[in-house]
Amino acid sequence: QDDSDLKSHWHTTFHTRIIQHNLRTTSIYYRQIHLSRLSQLLSLTPAETERHISQMVSFGSLYAKIDRPKDIVRFAKKRCEEEVLTDWAEDIKELLGLVEK
């Protein structure tokens, strides 16, 4: 019985770690994704996906916001206009530097 419990514990822990890894990887490649599509990619139900995202956000290991009515998960923080313009100006400056070479 104890061996079965231990095996079950490690199986659950391993499965959870894989899901967490996949969520972190997804957050790198997607700014936003439909919850239904993310659930499909993870082979989970939307409720399970939401539960895992919520746990990771609570632990501080992931930044995400879930918009239930629109069925969208956003991984990127909204940036203020000043940050966007600063990044844009830096990109233009870098591009002009490449053109001048």
Side-chain angles (χ1 to χ4, degrees):
Q1 181 67 21
D2 289 337
D3 187 42
S4 176
D5 290 342
L6 187 61
K7 190 174 184 179
S8 174
H9 165 75
W10 284 113
H11 180 268
T12 304
T13 301
F14 184 64
H15 188 255
T16 300
R17 296 295 184 252
I18 289 172
I19 292 168
Q20 290 173 346
H21 166 77
N22 290 341
L23 282 169
R24 280 191 297 275
T25 303
T26 303
S27 73
I28 293 169
Y29 291 103
Y30 290 87
R31 284 185 170 208
Q32 66 182 27
I33 186 171
H34 284 277
L35 182 62
S36 55
R37 176 65 178 142
L38 181 58
S39 299
Q40 184 182 24
L41 291 172
L42 297 173
S43 299
L44 298 172
T45 66
E48 290 172 321
T49 303
E50 188 173 334
R51 181 175 55 83
H52 283 285
I53 291 171
S54 298
Q55 286 174 346
M56 290 181 73
V57 167
S58 294
F59 294 145
S61 59
L62 181 72
Y63 177 87
K65 294 222 176 209
I66 300 173
D67 186 343
R68 284 185 181 160
K70 292 182 181 177
D71 187 46
I72 291 178
V73 179
R74 287 187 177 81
F75 293 111
K77 290 182 182 179
K78 284 222 173 198
R79 302 182 329 172
C80 69
E81 292 83 10
E82 186 177 327
E83 289 175 324
V84 173
L85 288 174
T86 301
D87 287 349
W88 183 78
E90 288 174 7
D91 290 343
I92 294 296
K93 183 178 178 181
E94 183 180 331
L95 180 62
L96 289 174
L98 292 172
V99 169
E100 289 177 356
K101 285 186 179 180

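Only heavy atoms go into these numbers, but all of them, side chains included; no hydrogens, no water, no symmetry mates.
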What side-chain donor-acceptor pairs closer than 3.5 Å can you find for residues 82-89, not counting sequence neighbours?
{"from": "Glu83", "atom 1": "OE1", "to": "Cys80", "atom 2": "N", "distance (Å)": "3.2"}
{"from": "Thr86", "atom 1": "OG1", "to": "Glu82", "atom 2": "O", "distance (Å)": "2.8"}
{"from": "Asp87", "atom 1": "OD2", "to": "Arg79", "atom 2": "NH1", "distance (Å)": "2.5"}
{"from": "Asp87", "atom 1": "OD2", "to": "Arg79", "atom 2": "NH2", "distance (Å)": "3.3"}

Polar side-chain atom of Thr13 near backbone of Trp10 as donor-acceptor pair, under 3.5 Å: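 No, the answer is negative, given that no donor and acceptor are paired below the 3.5 Å cut-off.
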
For the pair Ser8 (side chain) and Ser4 (backbone), establish whether a donor and an acceptor sit closer than 3.5 Å, ignoring hydrogens and angles.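 Side chain of Ser8 to backbone of Ser4, a donor-acceptor pair under 3.5 Å: no, none is there.
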
With sequence neighbours left out, the residues meeting side chain to side chain contact (heavy atoms under 4.5 Å, CB included) with Ser36 are His34, Asp71

In the hydrophobic clustering (ILVMFWY, side-chain contacts below 4.5 Å, transitive), which residues join Val57, or is it alone?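 Grouped by the 4.5 Å side-chain rule, Ile19, Leu23, Ile28, Tyr29, Tyr30, Ile33, Leu35, Leu38, Leu41, Leu42, Leu44, Ile53, Met56, Leu62, Ile66, Val73, Phe75 form the rest of the cluster around Val57.
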
Residues that [X] engages under side chain to side chain donor-acceptor pair (under 3.5 Å), provided they are two or more places apart:
{"X": "Arg37", "result": "Gln40"}
{"X": "Thr49", "result": "Ser39"}
{"X": "Arg17", "result": "Gln20"}

Got a second to check how far Asn22's CG is from Ser43's OG, nearest 0.5 Å?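 Reported value, rounded in 0.5 Å steps: 9.5 Å.
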
NE2 of His9 to CG of Asp5: how many Å apart, nearest 0.5 Å? 10.5 Å

Validation row: Leu95, Asp91 side chains within 4.5 angstrom (heavy atoms): no

